[in-house]
Amino acid sequence: MAETKREIERKYEAPVTDEGFGLPDLSRVAGVSAVIDKGVVDLDAVYYDTVDQRLAAAAITLRRRTGGADAGWHLKLPVSLAEGVRDEIRAPLSDDVPRDLTGLVRSRVREADLVPLMRLRSSRDVRDLNDADGALLAEVSVDGVRAERLIGGAGAAAWTEIEVELADGGDPAFLGKVEKKLRKAGASRSASTSKLARALTETGIGPRPSRPAEDPETPADHVLAYLRAQRDAIVDLDPAVRRDLPDAVHQMRVATRRLRSALRSYRKILDRAVTRPVGDELKWLAGELGVDRDQEVLSERLTAALAELPSELSEGPVRPRLRTWSRARRSGSRRHLIAALDGRRYLALLAALDTLVDAPPLRAKQPKNALAKAVRRDYKRLAGRVEEALDTDPGPARDLALHGARKAAKRARYAAEVAAPALGDRAKDVGKHAKALQSLLGEHQDSVMAREALRDLAAQAHAAGESSFTYGLLYGREEVLAQRAEAELPPLWAKAVSWPSYA
């Protein structure tokens, strides 16, 4: 079973001297009461990647290491490269890459093989920096590294580096104090983000340089830049979704919706005959993500509402039933989602998105002011949906119409996001007002879904011989919240309809 450790560290180049590098007296660093010599340990790590180094290009490392207290498989995912923060997911030693780890790099690797890329052997001289209570502040090591290329011919390199790793839960500011001492001793910040990155450079096989992004000029450039950013977001978020990190499912679902919406809004720029099948697959993925996300939102909403009730109004085992109901539905949805991400259909969609942004199906004739016209078209569509909802009598039909208006608000907002870099404040205003409408109508839709869940929970409680009073009370609360949202819509829309139209 894999475990995760948040790693915060800094790497330094040791100065080249005839005598070799010796650490300065780190006991003089503020806060340090003792420097404990932990001795020298020999580490032997084999790094895995695809032949074309897809992991290295994303600053991801995957290694099998022996020696030391943490021997095993280590997958390091960047959190903030500028701050030296990575999440290290560990798995026990085995001959093959553990399945838990291959899933986390699937969006990068796709169906390519992971092969041994580089072998790094290090002689690590370790010091612990402890405070006055004997608690660990940081680990400082001087690593003598020998790198050996395992593919693409012979190649080797050797160097010495200093690594300072913050103790779990430590204050990152402490690293700055240690750095001042190291710099005075002649050390300098490493230009490489990892040992592997340096080994690839010094043995002549990478990392391969990425082509710098060009500033968008044409309407098509702006659309493609937006599509590329959302494609990248899906790929980047994939490991976080698999790890069930907070908000990851929601953010990945938003990226799929932004992509699909842009393909529809900018059909005068991109050939819909080509993009429609991609849009259909994005709708499928958003649906798969929605199974988990919708349950998450529902559970959080009902739990928060129940917590606000006075204890005397909670009759029967309401909290245990809600927890059981939530866990059962969430567990099933999680399994379903991971199965979808492991499937060939998902990989085919990622490949289609790559093709879409790398070889876009641009229409031969594109209208003048294509961005502004697309935003105006989606705004007019939103206006029609809102007016239809306001003209519908309260009840299920209005609930459905308001949900349709919410989806139209999202589409107008995303169309404005695409155009904002080119159109400036005009598009930003559209996006701002559309977002406000989306938020209000989203609150209404959440109330609709919560009432459906409460009816289900009340029926379960009644069948078990329990009181359904509390569920009815929460249902009434949701009705009030929905009515409040409906009352706020006309004045909010009155502000929106005064927006200047697009020529």
Side-chain angles (χ1 to χ4, degrees), residues 58 77 87 100 102-110 226-265 275-303 325-354 356-357 403-404 406-411 413-414 417-418 435 438-439 441-446 448-450 452-453:
L77 301 171
D87 277 347
D100 286 349
T102 56
L104 293 176
V105 298
R106 186 173 174 81
S107 65
R108 299 282 181 187
V109 173
R110 312 290 171 83
Y226 188 83
L227 297 179
R228 189 173 292 108
Q230 305 314 314
R231 185 277 313 272
D232 292 347
I234 291 175
V235 173
D236 290 344
L237 286 163
D238 180 289
V241 169
R242 293 173 185 271
R243 295 168 60 198
D244 201 18
L245 296 186
D247 207 39
V249 170
H250 171 61
Q251 292 299 329
M252 190 172 182
R253 191 183 189 191
V254 169
T256 64
R257 285 176 164 171
R258 281 183 163 129
L259 272 166
R260 182 167 177 256
S261 181
L263 294 179
R264 299 170 73 184
S265 295
T275 64
R276 187 176 291 108
V278 180
D280 290 342
E281 291 303 285
L282 287 168
K283 181 179 181 180
W284 162 77
L285 179 57
E288 297 296 312
L289 292 163
V291 173
D292 194 51
R293 173 60 181 169
D294 291 344
Q295 183 58 39
E296 180 183 24
V297 170
L298 258 181
S299 298
E300 290 175 354
R301 186 181 183 95
L302 296 179
T303 300
W325 173 84
S326 177
R327 287 171 182 169
R329 294 174 62 120
R330 187 89 201 280
S331 175
S333 64
R334 282 290 304 167
R335 289 194 297 270
H336 184 86
L337 174 58
I338 298 305
L341 296 182
D342 284 340
R344 290 189 175 276
R345 186 174 182 179
Y346 174 62
L347 290 183
L349 172 57
L350 294 182
L353 292 175
D354 290 344
L356 181 66
V357 298
H403 185 44
R406 179 194 180 203
K407 291 192 286 186
K410 286 183 182 180
R411 182 163 162 179
R413 175 189 171 188
Y414 298 151
E417 285 180 351
V418 176
K435 182 179 180 180
Q438 176 190 333
S439 297
L441 296 172
E443 172 64 23
H444 184 275
Q445 179 62 16
D446 287 347
V448 172
M449 299 301 294
E452 290 181 4

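Keep in mind that the numbers below use all heavy atoms, side chains included, and drop hydrogens, waters and symmetry copies.
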* **Check: Leu347 and Arg106 side chains under 4.5 Å, non-hydrogen atoms** => yes
* Asked: Atom OH in Tyr346, atom CD1 in Ile234: separation rounded to 0.5 Å?
  -> 7.0 Å
* Say you draw a straight line from CZ of Arg334 to CG of Asp244; how long is it, rounded to the nearest 0.5 Å? -> 4.0 Å
* To do: Go through the structure and list residues passing side-chain hydrogen bond (donor to acceptor under 3.5 Å, both in side chains) with Asp354, not counting sequence neighbours.
  => Arg110, Arg231
* Qualifying residues under side-chain contact (heavy atoms from CB on, under 4.5 Å), relative to Arg264, sequence neighbours excluded -> Arg260, Arg272, Arg411
* Structure fact -> Distance col, row Leu237:CG vs Asp232:CG, nearest 0.5 angstrom, shows 10.5 Å
* Structure fact -> Glu452 meets the salt bridge (charged side-chain N to carboxylate O under 4.0 Å, His left out) criterion, sequence neighbours left out, with none
* Asked: Nearest heavy-atom pair of Thr303 and Ser299: which atoms, and what distance?
  -> OG1-O, 2.7 Å
* So which heavy atom on Arg242 is nearest to which on Asp342, and how close? -> NH1-OD1, 2.7 Å
* To do: Given side-chain contact (heavy atoms from CB on, under 4.5 Å), test Asp238 with Arg108 step by step and report yes or no.
  => CA-CA 9 Å; Asp238 180 289; Arg108 299 282 181 187; over 6 Å; no
* Structure fact -> Those residues at least two apart in sequence (or on a different chain) that pass side-chain hydrogen bond (donor to acceptor under 3.5 Å, both in side chains) with Gln251 are Asp247
* Inter-residue atom distance Leu263.CG - Tyr414.OH, 0.5 Å rounding -> 13.5 Å
* Where is the tightest heavy-atom contact between Leu298 and Ala450, given as atom of each residue plus distance? -> CD2-CA, 3.5 Å
* Structure fact -> For Arg406, the salt bridge (charged side-chain N to carboxylate O under 4.0 Å, His left out) test, sequence neighbours excluded, returns none
* Asked: Shortest non-hydrogen contact from Val278 to Ala352?
  -> CG2-CB, 4.3 Å
* Asked: Under the 3.5 angstrom rule, does the side chain of Arg257 hit a backbone N or O of Lys410 as a donor-acceptor pair?
  -> no
* Could you pull out the closest heavy-atom pair between Ala340 and Glu288, with the gap in Å? => CB-OE1, 3.8 Å
* Got Met252 and Leu341 here, is their nearest side-chain heavy-atom distance under 4.5 Å? -> yes
* To do: State whether the side chain of Ser261 and the backbone N or O of Arg258 hold a donor-acceptor pair below 3.5 Å, judged by distance alone.
  => no
* How would you list, by chain and number, every residue that makes a salt bridge (charged side-chain N to carboxylate O under 4.0 Å, His left out) with Arg243, sequence neighbours excluded? -> Asp87
* Got a second to check how far Leu259's CG is from Glu281's CD, nearest 0.5 Å? -> 13.0 Å
